[in-house]
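Note that the coordinates shown come from a computational prediction; the quantities given were computed from them, not determined experimentally. Positions are given from 1 along the sequence. Atoms considered below: every heavy atom in the structure, side chains included; atoms not considered: hydrogens, waters and symmetry mates.
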Amino acid sequence: MTGLYEGINRQIFNTPIDLFIEDFLYENYQELRPYQFISLYGLLMEAKDAVTHKKAISLSSKEILSVSKILNLVSALYFKDVFGYDLISKFEASQREITEVVRLFNEFKEYRKDREPGEEYELVQHWGNDLKLDKYFELIDENDYRNKRTNIDSLLTSIEEDPFGLEVDKEFKKEQTDTFLKSQKEIGINMAVVMFMVDALQFFDSMSTEKIKKIALEIAMYGTQGYHPEKKDYKISLIPNKDFSGYHILAYYYVSWALAIPEMLSQLQLPYNDEYKLATSMYKENN
């Protein structure tokens with residue numbers, strides 16, 4: 001799982017940036033083109049094996065495999081564009097994947113000739129959003145990054161003491177929390193959350209406390225950077241075949257902790273006490 005997580009993040013970070021690098025080399029260093037051809041060809045053949053080999057397919061989730069194939073195919077489309085050599089069919093992509101590849105490559109071409117410094121990172125973010133990878137990474141200002149703690153010993157200690165990041169970037173999280181709490185106060189009782197909580201109570205009904213706790217901890221792990229009500233398509237591996245909207249996952253977050261780890265519930269800082277009381281009442285009335 002760690003390898004998949006790190007691998008797909010490397011791809012979304014590197015693919016758009018590498019296109020600009022390769023294009024710069026192609027345009028400015030014609031004498032390197034034979035070497036560039038050999039290099040890109042070798043990389044693409046390795047990439048093809050990584051997404052079509054039977055063992056790779058059996059070990060990877062369909063979503064990650066498809067995203068990886070799309071990102072590799074963007075590079076293959078660039079290879080075809082500059083060298084005229086077509087490797088695309090070797091990736092055994094679906095029509096949906098090909099359509100997405102063409103769309104991403106066309107976006108690259110919009111930046112290709114008149115890109116301002118740093119604009120290549122807009123593609124990292126755009127493609128991350130489009131491929132639903134944005135929940136796995138965050139682009140931050142370089143100065144902010146450099147000012148973060150960098151001592152590995154203190155970092156490891158902090159992870160041991162605070163595995164869910166409850167104490168990390170407290171000022172930033174406090175600002176986000178205050179904004180979120182204010183918006184929820186203005187809404188009053190959020191009936192969408194109430195209904196999602198009823199759904200959660202039904203889902204967890206008859207499930208052991210230990211299993212609920214595992215789900216609660218997984219939701220917390222994926223939510224270390226925060227869940228956003230306006231986003232969709234959150235996924236939890238212990239709840240397969242189910243996509244969550246922002247409020248849906250927040251409801252499951254709250255209910256799972258209320259059932260399995262109630263003593264820690266207040267640390268989530270989710271303002272859904274009234275929603276949970278109402279959802280519990282509605283659930284009891286119908287069961």
Side-chain angles (χ1 to χ4, degrees), residues 1-27 29-30 32-113 115 119-137 139 232-235 237 240-241 243:
M1 288 181 67
T2 301
L4 288 173
Y5 173 81
E6 293 177 349
I8 203 65
N9 269 292
R10 280 196 296 270
Q11 271 196 272
I12 192 58
F13 293 157
N14 291 333
T15 302
I17 309 300
D18 284 349
L19 288 178
F20 289 109
I21 293 171
E22 295 294 346
D23 205 45
F24 176 82
L25 294 174
Y26 183 85
E27 293 293 337
Y29 297 92
Q30 294 187 17
L32 290 180
R33 287 181 184 178
Y35 303 99
Q36 188 178 21
F37 178 93
I38 294 170
S39 171
L40 287 176
Y41 179 84
L43 289 171
L44 287 169
M45 294 307 292
E46 287 181 12
K48 182 268 296 183
D49 290 341
V51 295
T52 60
H53 193 281
K54 288 184 179 180
K55 189 166 186 179
I57 294 172
S58 69
L59 292 174
S60 305
S61 73
K62 290 182 179 179
E63 293 84 1
I64 290 180
L65 195 69
S66 179
V67 168
S68 180
K69 187 177 293 187
I70 288 169
L71 291 171
N72 284 317
L73 275 167
V74 173
S75 299
L77 189 53
Y78 174 79
F79 187 67
K80 179 183 177 183
D81 183 64
V82 295
F83 289 110
Y85 197 88
D86 191 351
L87 294 172
I88 292 172
S89 62
K90 294 184 179 295
F91 283 80
E92 303 172 8
S94 67
Q95 187 55 51
R96 180 195 67 79
E97 289 167 338
I98 294 294
T99 300
E100 184 69 1
V101 168
V102 172
R103 191 183 67 77
L104 296 181
F105 188 72
N106 285 337
E107 187 176 8
F108 159 71
K109 290 198 294 186
E110 292 175 7
Y111 285 81
R112 192 175 189 175
K113 299 301 182 183
R115 175 182 57 86
E119 280 191 335
E120 61 271 23
Y121 290 98
E122 292 182 8
L123 282 189
V124 175
Q125 189 65 66
H126 292 171
W127 294 6
N129 295 342
D130 295 340
L131 298 173
K132 298 181 174 59
L133 296 177
D134 52 314
K135 57 190 172 184
Y136 301 124
F137 71 88
L139 295 181
K232 298 180 180 180
D233 299 326
Y234 288 110
K235 294 182 183 294
S237 66
N241 305 316
D243 293 340

Exercise. Does atom NZ of Lys113 have more than 12 heavy-atom neighbours, drawn from other residues, nucleotides or ligands, at distances under 6.0 Å?
Worked result: yes
Exercise. Can you find a heavy atom in the side chain of Leu123 that is under 4.5 Å from one in the side chain of Glu120?
Worked result: no
For this session: Give the ring-plane orientation class for Tyr85 versus Phe79, where under 30° counts as parallel, over 60° as perpendicular and anything between as tilted.
Result: perpendicular
Problem set entry | Working for side-chain contact (heavy atoms from CB on, under 4.5 Å), residues Leu131 and Leu71 | CA-CA 10 Å; Leu131 298 173; Leu71 291 171; 3.8 Å; yes
Exercise. Thr52 side chain to Lys48 main-chain N or O, any donor-acceptor pair under 3.5 Å?
Worked result: yes
Problem set entry | Short side-chain to backbone donor-acceptor contact, Tyr111 and Glu119, under 3.5 Å | no
For this session: Decide yes or no for Val101 and Ile88: does some side-chain heavy atom of the first lie under 4.5 Å from some side-chain heavy atom of the second?
Result: no
For this session: Ignoring hydrogens and angles, tell me if any N or O in the side chain of Ser66 forms a donor-acceptor pair with the backbone of Lys62 under 3.5 Å.
Result: no
For this session: Please confirm whether the backbone N or O of Glu92 pairs with a side-chain atom of Lys69, one donor and one acceptor, at under 3.5 Å?
Result: yes
Seminar exercise, completed: Here the gap from Phe13 atom CZ to Leu139 atom CG, rounded to the nearest 0.5 Å, amounts to 6.5 Å
For this session: Output, in order, the C-alpha distance, side-chain angles, deciding distance and verdict of side chain to side chain donor-acceptor pair (under 3.5 Å) for Glu110 and Asn106.
Result: CA-CA 6 Å; Glu110 292 175 7; Asn106 285 337; over 6 Å; no
Problem set entry | Nearest heavy-atom neighbours spanning Ala50 and Ala56 | O-CB, 3.1 Å
For this session: Please tell me if the side chains of Glu107 and Glu122 come closer than 4.5 Å, counting only heavy atoms from C-beta onward.
Result: no
Exercise. Are side-chain heavy atoms of Thr99 and Val102 found at a separation under 4.5 Å?
Worked result: no
Exercise. With no hydrogens and no angle check, is any side-chain donor or acceptor of Asp23 less than 3.5 Å from a backbone partner on Leu19?
Worked result: no
Exercise. Tell me, do Ile12 and Tyr136 make a side-chain contact under 4.5 Å, heavy atoms counted?
Worked result: no
Exercise. Short question: side chain of Ser39, backbone of Gln36 - any donor-acceptor pair under 3.5 Å?
Worked result: no
Problem set entry | Asp81/Arg112 ion pair, N-O < 4.0 Å | yes
Seminar exercise, completed: Heavy-atom nearest pair, Phe91 first then Ala76, reads CE1-CB, 4.1 Å
For this session: With the side chain counted from C-beta on, respond yes when Phe83 and Leu40 share a heavy-atom pair under 4.5 Å apart, and no when they do not.
Result: yes
Problem set entry | Asp130 and Arg103, any side-chain heavy atoms less than 4.5 Å apart | yes
Problem set entry | Minimum heavy-atom distance Lys135-Tyr234, with the two atoms named | NZ-CA, 3.6 Å
For this session: Verify, without hydrogens or angle tests, whether Tyr41 (side chain) and Leu87 (backbone) share a donor-acceptor contact under 3.5 angstrom.
Result: no
Exercise. Aromatic rings Phe105 and Phe108: how do their planes relate, parallel, tilted or perpendicular, breaks at 30° and 60°?
Worked result: tilted
Exercise. Should we say atom NZ of Lys132 is surrounded by more than 12 heavy atoms from elsewhere, each under 6.0 Å from it?
Worked result: no
